[in-house]
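Take a look at the structure below.
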Amino acid sequence: MPLLRILALAVTLALGALAAERASADEAQVSAAIQKFATADGFSGVEATIQELGAIGDPLAVRALRALGENELKVTPDGAVVIEGADALLDPVTGETVAEKGPRLERIRIKNSIRSMIDETISALTLRAADPVVRMSAADTIFAAADPEQLEPVQAALAAEQDPDVRRRLEQAVAAIQLASSDDPEIIRASIEVISQRGDQAALGVLLGYRNQATGEMADAADEGIEAIETRLAMWQAGQNIWYGISLGSVLFLAAIGLAITFGVMGVINMAHGEMVMLGAYTTFVVQETIRNSFPWLFDWSLLIALPLAFLVAGFVGLIMERGIIRHLYGRPLETLLATWGVSLILQQAVRTIFGPNNREVGNPSWMSGAFELGEMSITWSRLWIVCFALFVFVALLFAINRSSLGLQMRAVTQNRRMASAMGIRTPWVDALTFALGSGIAGIAGVALSQIDNVSPNLGRGYIIDSFMVVVFGGVGNLWGTLVGGLTLGVANKFLEPYAGAVLGKILILVFIILFIQRRPRGLFALKGRAVE
Amino acid sequence: MLTVENVTLHYGAAQALRGVNLTVEQGKITCLLGRNGVGKTSLIRSIVGQHPPSGGSITFEGTALGKRSSHDRARAGIGLVPQGREIFPLLTVKENLQTGYAGLPSKDRTIPDYVFELFPILKTMLHRRGGDLSGGQQQQLAIGRALVMRPKLIAFDEPTEGIQPSIIKDIGRAIQFLRDEHGLTILLIEQYLDFCRELADHIYIMDRGEIVHSGPAESLDDPEVRRHLTV
Amino acid sequence: QETIKVGILHSLSGTMAISETTLKDVMLMLIEEQNKKGGLLGKQLEAVVVDPASDWPLFAEKARELISGNGVDVVFGCWTSVSRKSVLPVFEELNSILFYPVQYEGEESQRNVFYTGAAPNQQAIPAVDYLMNEEGVERWVLAGTDYVYPRTTNKILEAYLQAKGVAPEDIMINYTPFGHADWQTIVSDIKAFGSAGKKTAVVSTINGDANVPFYKELGNQGVAATDIPVVAFSVGEEELAGLDTAPLEGHLAAWNYFQSVEADVNAEFIEAWKTFAGAERVTNDPMEAHYIGFNMWLKAVEAAGTTDADAVIDSLIGVTVPNLSGGYSAMMPNHHITKPVLIGEIMDDGQFSIVYETPGLVPGDAWSDFLPDSKDLISDWRKPMECGNFNVATGKCGGKGS
Amino acid sequence: MILGRFLAGGLKSPVILISMLVILGIGVLVPVLNLAVPPSSPFHVADHLVPLYGKYLCYGMAALALDLVWGYCGILSLGHGAFFALGGYAMGMHLMREIGTRGVYGDPILPDFMVFLNWKELPWFWYGFDSFLFACLMVMLVPGLLAFIFGWFAFRSRVTGVYLSIITQAMTYALLLAFFRNDMGFGGNNGLTDFKDVLGYDLQSGQVRSALFFLTAFFLALNLLIAAAITGSKYGKILRAVRDAEARTRFLGYRPENIKLFAWVVSAVMAGIAGALYVPQVGIINPGEFAPANSIEMVVWTAVGGRGTLVGPIGGAVLVNAAKSWFTGVLPEYWLFALGGLFILTTLFLPEGVAGLIRKAFGRRAKAPKGKDEETDQPVADATAGE
Amino acid sequence: MTEIPVKIPAEPKSAPKAPPKHAPVPSARKDTLLYLDGVSRSFDGFKAINELSFVLMKGEMRAIIGPNGAGKTTMMDIITGKTRPDKGDVFFMGDVDLTKHDEPTIAQMGIGRKFQKPTVFETQTVADNLLLSLKGERRGIPALFYRSNKPDRQRIDEILEVIRLERRRNELAAFLSHGQKQWLEIGMLLAQDPKLLLVDEPVAGMTDAETEETARLLRDIAVDHSVVVVEHDMGFVRDLGVKVTCLHEGHVLSEGSLDHVSADPQVIEVYLGR
Ligand SMILES: Nc1ncnc2c1ncn2[C@@H]1O[C@H](COP(=O)(O)OP(=O)(O)OP(=O)(O)O)[C@@H](O)[C@H]1O
Ligand SMILES: Nc1ncnc2c1ncn2[C@@H]1O[C@H](COP(=O)(O)OP(=O)(O)OP(=O)(O)O)[C@@H](O)[C@H]1O
Ligand SMILES: [Mg+2]
Ligand SMILES: [Mg+2]
């Protein structure tokens with residue numbers, strides 16, 4: 001979102017500058033054209049109006065067009081076209097407030113093809129905007145659309161352009177257009193050259209598009225360019241795969257890490273682990289819902305607020321579970337499976353009863369939305385933050401378990417409860433705390449997972465099996481194992497998926513786990529020594 | 001310091017203790033002897049709170065222990081060196097020792113030097129896993145671990161089992177040292193007669209869940225008393 | 001007092017609860033309303049709800065329980081094809097009536113079942129036509145969950161697209177497991193496939209829970225509808241309720257009903273629904289299907305004067321009732337109904353903006369014309385044919401064989 | 001001869017004998033009450049209940065199979081559903097072939113789902129399933145073979161405890177995904193359904209249902225006898241020794257891997273038979289049966305009934321499923337609360353399951369330590385043999 | 001009782017490598033029952049066994065002493081196949097290379113072991129513990145058809161008497177006390193009737209009287225068996241009256257009669273103490 005906002009701001013500034021520069025001779029004309037939206041007949045009427053605005057060629061139309069694209073261009077009951085602002089109705093040309101916000105505004109309906117048309121028209125109109133960022137994006141839209149009619153305006157813009165980056169983009173746009181429209185082999189060859197230097201997915205698209213119709217020598221030239229781009233992209237693809245693997249791995253890790261404590265450290269076969277994750281996700285939902293209703297400005301902070309709450313909620317439920325049920329079952333670890341299975345059924349149904357069976361909407365705060373490009377890799381913010389978060393959780397837990405005195409007591413209790421008690425360790429308290437910690441961690445994993453998965457009563461079920469796989473694959477009782485296990489499975493999965501497909505890839509991973517356990521019957525980070533034999 | 005009165009204990013339907021009476025005096029070494037399976041370990045279990053007695057009472061420093069949990073008793077000052085060592089197998093030697101910190105205020109959370117003086121081997125093995133140690137090394141660790149708790153009373157359940165002769169002597173010296181220098185009270189269960197006679201201030205002999213003899217260490221030389229220990 | 005029992009066989013727990021619970025609710029509402037209007041044949045209607053728990057064999061068991069245990073006269077239920085397949089023999093054996101409200105793969109026509117959801121020709125094909133004609137799509141990704149409905153639909157679409165001159169290399173088919181949650185690779189594959197210089201669209205038959213992460217990934221990776229539109233057949237208002245739809249604006253869905261349909265009956269229906277179930281609840285296509293099915297059944301029972309299955313089955317054919325988009329739907333001899341096909345674009349409020357509507361009603365086709373083995377089959381349950389798989393080539397019932 | 005003596009070993013315990021008689025009695029009684037008693041009578045068993053009860057017995061058989069490995073061998077299998085499902089599929093494939101030209105497309109060879117997915121010929125692994133005997137053989141062979149291969153490798157590599165449990169889960173999960181794939185040729189998600197008859201008899205008819213029910217009861221009783229004979233023999237003692245201290249048995253010269261393998265394969269075959277009897281009674285088999293949750297449920301039945309008691313798990317399976325059927329009918333919205341609560345209460349108050357409760361009621365002293373996992377407080381490090 | 005044939009694989013083809021210094025000559029290996037030469041084993045860099053050489057003749061009884069952590073138990077682990085040596089030769093009966101076999105095979109060849117920490121089958125009765133240990137068939141399927149027979153029952157009764165647990169024969173082993181478990185383990189070892197008995201600290205936790213009893217028992221057994229006993233109880237070792245080997249830091253420190261060994265200043269230094 002921030003990018004968009006910057007863009008919007010830039011446009012306003014640019015428009016301001018333009019308006020000052022040029023006489024408002026066209027303003028009336030533009031205004032009149034915009035007014036036609038009110039009477040436009042269906043989609044084709046809207047299209048015609050946009051075309052007309054494009055033909056006038058005045059950037060004054062940009063504000064209205066943009067509003068149209070964002071569904072903010074409305075028609076008042078008395079037939080005037082206005083922009084619906086945050087708290088008032090604005091003039092579509094000047095942006096000045098024209099009226100109070102009234103009821104019964106009618107939206108001017110658009111559809112995808114119109115949206116594309118709007119984008120292209122705006123690009124054409126903003127080729128000379130003051131802000132280089134705007135010009136750049138205009139050039140890129142034109143590059144992708146390669147509309148021959150734009151050739152002249154682009155060339156004109158190119159001639160006037162000072163900024164070297166924008167110049168390059170404009171040159172590429174020109175090349176793309178020429179490739180689509182020219183017959184001159186020389187021009188085409190040069191265009192291919194320019195485009196293949198660009199080297200990204202969009203460039204590949206343009207060249208492939210050309211290749212479909214090219215013949216003879218030109219086809220060869222295009223092939224060469226395509227190949228060059230493809231080799232480059234293939235390298236990035238590998239990087240991209242690794243990234244996907246890491247991000248999948250960190251999701252697996254997060255889902256599993258709570259289990260690494262309740263199951264790995266405490267030995268409780270915790271079938272309700274997934275439900276703890278689910279509770280975390282629902283806590284996020286409740287937090288966001290409250291924020292949406294009462295404190296909308298806090299929305300970007302919603303996850304940070306949800307984290308401690310989710311920890312507390314899930315931890316508290318874990319605490320109750322431990323005190324109420326699990327503590328009667330120490331020394332009978334296999335029976336914990338039965339009891340926790342019962343708990344998981346109850347929690348699921350409880351959530352279903354309270355929140356309904358449907359998915360609940362958990363939004364991404366702005367810093368978790370969208371993606372950024374790293375070379376040809378696209379990295380989504382949500383994934384990046386989840387990876388960071390996973391690492392953070394890992395380090396914190398590692399410290400808590402291996403360095404803190406509570407961690408020491410936890411380990412002592414789980415290895416020999418009776419003796420630990422004889423050493424003065426308050427075993428009931430440590431048990432409760434450990435279980436609450438594991439559950440709490442599962443809860444905060446739920447906060448992260450709510451960002452990429454659906455928040456429904458079934459959320460937990462989806463993760464429980466994977467979580468057990470990860471913990472066992474990595475080696476029970478070892479946090480490093482869980483981390484490395486999660487990442488390994490993630491990366492392996494992502495490298496298999498493109499070849500084997502998602503389904504077969506998953507099967508292969510499972511077979512791999514089975515075989516791997518044959519090789520290392522105690523997981524990746526097996527505990528060694530006589531103690532475990 | 002510790003009084004056991006009329007304690008009975010059952011495992012399911014089987015009775016292991018039948019009205020045991022025993023007193024451990026402050027700053028003294030009290031030794032409990034008996035053949036296999038007569039109930040010595042069971043008595044220790046009821047004292048440290050690992051198995052609730054089915055009757056009778058146990059008083060420590062004047063307060064009845066009643067149903068207090070094992071860890072409360074440990075915090076009140078009862079240390080245990082259990083039979084079978086019960087080392088935390090996956091904790092390092094150092095961590096095993098540190099488990100004794102649980103009941104201590106943070107200023108006391110150090111390992112007393114005499115632990116390493118008594119058992120130098122522990123010092124060289126601080127970072128090995130407890131479960132990897134040899135049987136005898138584990139026994140030394142178990143004793144060291146109990147000392148870290150700074151208990152007022154330590155119950156030793158066959159501490160010399162599986163220990164090399166020189167260290168048995170060391171342990172003997174250690175027990176004396178603890179009594180003399182630190183005023184520790186000691187309850188010692190032993191099969192090793194000579195060891196007992198040398199250390200004990202007072203002995204009890206148990207048979208079939210009952211105390212059948214009580215007297216000074218020297219009484220061990222009495223063949224009548226010895227008879228309780230033969231097969 | 002004697003009642004007429006109506007069975008409701010929808011999962012209230014398990015993976016399908018997410019979709020099916022609403023259908024149970026809407027049935028309860030319809031029955032309540034009908035009872036207020038005086039019931040049926042002078043008797044009150046009584047809903048019998050059971051929970052088959054998203055467990056397919058349990059559907060058969062519960063169906064049996066409803067019909068022979070509780071003595072219901074009609075059952076409204078099932079969502080997935082497998083649950084329907086599982087109960088088919090039961091309805092046949094015990095001769096009862098099932099109304100099945102969900103769009104499905106077709107290739108079936110059974111005497112005891114009335115299909116009020118869309119057949120492929122009432123959803124998939126018009127949607128593809130729309131993309132081809134209105135958005136100029138030339139390259140297709142057919143992405144689905146690996147089960148029968150997507151498989152069949154994609155088979156049909158593939159044949160259809162090729163018949164329309166789309167080259168095989170311009171069609172990419174991708175299947176994922178149920179509940180697939182990590183869409184990174186597939187979305188980026190789609191992006192790559194879509195950057196080949198031809199306008200590309202995704203036809204999604206992705207099912208259930210997998211949709212939310214799929215759309216979240218689409219949104220995050222910035223696949224805008226103007227670049228690569230996604231048209232879905234299983235994503236409706238209900239599914240969107242779990243999503244922030246702002247980044248998804250413009251992606252499409254094809255259904256026979258949208259909540260945003262502007263019609264008076266629809267407004268009334270929505271009003272009634274919100275009062276009954278809560279203001280935040282939305283309506284969707286399978287709900288409309290039950291609405292239609294229920295009204296058809298009422299009308300047929302009234303016409304027959306009895307709830308006896310044979311009589312009702314006969315009198316159901318030809319029954320016409322209002323649908324929620326302001327027109328009428330009729331039950332055809334092949335036990336499918338006529339419906340309009342609507343195409344909507346997702347809006348930022350989680351509703352659909354209808355961008356296209358077929359000019360007339362489309363009759364549901366049980367046997368696809370685009371699959372070699374079912375081309376020649378038709379279904380007609382009227383006397384004298386009384387057959388679900390009549391072969392026009394051989395002139396006999398019983399499929400393509402012999 | 002030898003076999004007879006072996007089986008007679010299973011009858012040593014009166015509990016087993018009584019249970020077998022009860023099961024066989026039910027096997028006769030239910031069909032009689034269904035067919036011979038008029039519907040108006042309060043003793044009449046409704047038609048829809050016969051296959052339902054049959055299903056419970058099948059689940060009982062699966063739980064029995066699981067108990068053999070879990071209760072006596074310490075292998076907590078989270079993948080027994082796979083064997084059950086494979087047996088079911090083998091039977092389902094036969095029933096599918098029996099449909100013949102009565103499918104909707106009327107194809108004499110290909111099942112419907114193959115026709116509409118454009119398969120041109122029958123895949124090789126469907127050959128032979130038109131023969132009932134072949135199918136019966138496969139019902140036992142396929143799960144048995146899978147168990148053999150899986151067990152051979154896993155036990156040899158000394159995979160134990162949760163590691164073993166989780167890879168059994170991985171196994172059934174992988175099979176689930178594989179059978180979901182329509183390309184596999186097993187009908188994908190829809191599985192196999194719409195069966196018409198078996199050995200020429202109409203599956204929908206009351207008599208066939210009753211016969212199937214009786215058969216199920218018969219096999220359940222037989223399997224119970226076999227299991228009792230196995231666990232009552234010296235082999236059974238070895239099995240328990242392996243369960244409690246696998247490493248120690250090695251030093252006595254036993255090969256735990258072989259010892260376990262036998263019980264494991266027998267158990268898989270039993271589960272396969274249960275699956276095969278299940279399919280004609282419920283009328284469908286689909287990959288859902290491979291779902292890990294199903295296998296976990298089997299474990300739950302076994303635990304509820306009382307692990308390591310053979311009869312208990314059968315009762316547990318029947319009890320849990322009857323409760324489930326009942327709750328889903330009467331409390332459709334809240335039945336999970338009831339069922340979940342049932343599980344929790346069982347663990348808390350009936351640590352030895354229903355069987356333990358009954359034993360207590362009859363005043364017999366409960367056998368205390370049930371297995372390794374219950375004895376040790378060291379789940380991470382069960383030190384077993386030696387120092 | 002029927003003797004089950006134990007398959008003893010042929011000696012490896014390649015001739016044994018040249019003997020290291022101070023090692024017994026290979027030709028002498030023929031008559032040995034147990035032959036360890038140059039055996040080393042380390043755990044994470046810690047040398048538990050270090051160039052250990054040890055020979056036991058047929059029919060011999062040997063006592064092993066040595067400080068805690070000297071590697072006595074580890075040596076037994078190596079002989080019984082529980083631990084694989086990093087290097088060195090381990091031969092049984094002169095020509096069976098034990099490093100090439102796993103625990104069950106080695107046990108079936110006739111090497112039985114009592115563990116330092118008693119490990120019995122807790123969920124089985126005392127009598128069944130012995131039944132499982134009785135020499136004989138070790139395969140699973142035949143055990144299905146096993147029927148209790150007179151010789152077996154007699155043997156069990158005999159052993160129960162020896163270990164004084166007759167009265168508890170039908171109780172679960174879990175209910176025994178620590179010392180009783182020790183006895184049960186000894187009983188299990190007797191039941192196996194192996195050629196070579198490895199006995200790790202048999203008298204730990206026993207009264208003096210029992211200790212004497214045990215010594216007598218072992219001496220009886222040693223008449224027609226080979227025995228290796230590890231003990232820290234010097235009185236007991238003296239009672240046995242056999243050759244003594246003292247291990248230290250994984251290798252032999254001293255060997256000879258008890259008097260000889262206990263007079264060795266090094267042994268006094270590291271083991272006996274002053
Ligand atoms: N967990 C238990 N369950 C049942 N009976 C037990 C249990 N523990 C011990 N016993 C029985 O109680 C009696 C006393 O056992 P205890 O362990 O106290 O003996 P002990 O004197 O310590 O013997 P040892 O010298 O062999 O250690 C024994 O007969 C034993 O069989
Ligand atoms: N699996 C293992 N991992 C790490 N160290 C080991 C392992 N096994 C043995 N050790 C180490 O090897 C050394 C020898 O141990 P071993 O048990 O053989 O001693 P021991 O001679 O039997 O002593 P004790 O008389 O105390 O029983 C010890 O220091 C022990 O810590
Ligand atoms: Mg004891
Ligand atoms: Mg040792």
Side-chain angles (χ1 to χ4, degrees), chain A residues 263-269 271 324-325 328-339 341-350 352-353 414-419 461 464-465 468-469 471-473 476-477 503-504 506-507 510-511 513-515 517-519 521-523 527 530-533, chain D residues 70 76 78 150 153-154 156-167 169-171 173-174 177-178 180-181 247 292-293 296-297 299-300 303-304 307 333-337 339-348 351 370-371 373-387:
Chain A
F263 170 61
V265 177
M266 298 187 75
V268 174
I269 303 184
M271 284 299 178
I325 303 166
H328 302 290
L329 302 178
Y330 291 118
R332 298 193 275 150
L334 291 183
E335 256 142 88
T336 56
L337 178 141
L338 177 58
W341 180 255
V343 172
S344 94
L345 295 185
I346 290 180
L347 284 177
Q348 252 181 52
Q349 188 61 35
R352 198 172 282 132
T353 311
T414 49
Q415 284 172 40
N416 189 338
R417 174 164 288 99
R418 203 173 55 183
M419 192 59 220
R461 273 295 147 82
I464 183 81
I465 293 172
F468 270 104
M469 298 280 172
V471 172
V472 160
F473 175 75
V476 175
V503 188
L504 211 56
K506 220 165 165 183
I507 296 178
L510 292 166
V511 173
I513 293 179
I514 295 179
L515 294 179
I517 293 292
Q518 314 288 331
R519 296 290 312 150
R522 284 174 182 279
L527 295 166
R530 16 165 87 163
V532 288
E533 273 154 24
Chain D
W70 187 27
L76 170 55
L78 295 179
F150 185 89
F153 284 110
R156 207 142 289 258
S157 316
R158 303 193 180 175
V159 182
T160 52
V162 290
Y163 294 91
L164 189 59
S165 302
I166 297 300
I167 63 170
Q169 185 172 60
M171 170 188 81
Y173 193 31
L177 293 172
F180 257 133
R181 285 164 50 86
I296 292 173
E297 278 189 26
V299 173
V300 167
V304 167
R307 170 160 86 97
E333 323 247 350
Y334 302 104
W335 67 277
L336 282 172
F337 288 133
L339 202 65
L342 175 76
F343 295 157
I344 295 174
L345 296 180
T346 319
T347 14
L348 289 186
K370 184 58 72 41
D373 68 282
E374 302 184 342
E375 263 291 282
T376 173
D377 337 55
Q378 308 168 15
V380 189
D382 348 315
T384 42
E387 282 290 305

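Residue numbers begin at 1 in each chain, while the letters A, B, ... track the order of the sequences.
- Only the side chain of A:Arg352 comes within less than 4.5 Å of a heavy atom in chain D; its backbone stays farther off.
- Residues D:Tyr163 and A:Val476 approach most closely at OH-N, 2.8 Å, considering heavy atoms.
- Put simply, of A:Val471, A:Ile464, A:Ile325, the one with the most heavy-atom pairs under 4.5 Å next to chain D is A:Ile325.
- For D:Val304, the side chain to side chain contact (heavy atoms under 4.5 Å, CB included) test picks out A:Leu338, D:Val300, D:Leu319, D:Val320, D:Phe343, D:Thr346, D:Val354, with sequence neighbours left out.
- Between chain D and the options A:Leu515, A:Ile513, A:Thr336, A:Thr353, heavy-atom pairs under 4.5 Å are most frequent for A:Thr353.
- What you find for D:Thr160 and A:Arg522 is that their closest heavy atoms are OG1-NH2, 3.9 Å.
- Residue A:Ile269 touches chain D through its side chain alone, counting heavy-atom pairs closer than 4.5 Å.
- Shown here for A:Pro521 and D:Ser157, the closest heavy-atom pair between the two residues is CG-O, 3.0 Å.
- Atoms CD1 and CZ, on A:Ile507 and D:Arg181 in that order, are 6.0 Å from each other to the nearest 0.5 Å.
- For the set A:Leu347, A:Leu510, A:Ile465, the count of heavy-atom pairs under 4.5 angstrom toward chain D peaks at A:Leu510.
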From CA spacing to verdict: side-chain contact (heavy atoms from CB on, under 4.5 Å), A:Gln518, D:Val159: CA-CA 7 Å; A:Gln518 314 288 331; D:Val159 182; 4.3 Å; yes
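- Looking at D:Leu78, only its side chain comes within 4.5 Å of chain A, counting heavy atoms on both sides.
- Nearest heavy-atom pair, D:Ala170 versus A:Ile514, reported as atom, atom and distance to 0.1 Å: CB-CG1, 3.8 Å.
- Among all heavy-atom pairs drawn from A:Met469 and D:Gln169, the shortest one is CE-C, 4.1 Å.
- The CG atom of A:Leu329 sits 6.0 Å away from atom CG of D:Leu348, with the distance rounded to the nearest 0.5 Å.
- A:Met271 touches chain D through its side chain: at least one heavy atom from C-beta onward sits under 4.5 Å away, while N, CA, C and O do not.
- Expressed to the nearest 0.5 Å, how far NZ of A:Lys506 lies from OH of D:Tyr173 amounts to 3.0 Å.
- D:Val162 is listed as a side-chain neighbour of A:Phe263, based on a closest heavy-atom distance under 4.5 Å.
- Of the two parts of A:Ile517, the backbone and the side chain both hold a non-hydrogen atom closer than 4.5 Å to a non-hydrogen atom of chain D.
- Note: D:Ile167 CD1 to A:Phe473 CZ = 12.5 Å, rounded to the nearest 0.5 Å.
- Contact of the A:Gln349 side chain with the D:Trp335 side chain is not registered, since no non-hydrogen atoms from C-beta on lie closer than 4.5 Å.
- Interatomic distance, A:Leu337 CG to D:Ser165 OG, rounded to the nearest 0.5 Å: 9.0 Å.
- Taking A:Ser344, A:Gly342, A:Ala350 one by one and counting their heavy-atom pairs under 4.5 Å with chain D, the maximum is reached by A:Gly342.
- The two residues D:Phe337 and A:Ile346 come nearest to each other via the heavy atoms CE2-O, 3.3 Å.
- Looking at D:Leu177, both its backbone and its side chain come within 4.5 Å of chain A, counting heavy atoms on both sides.
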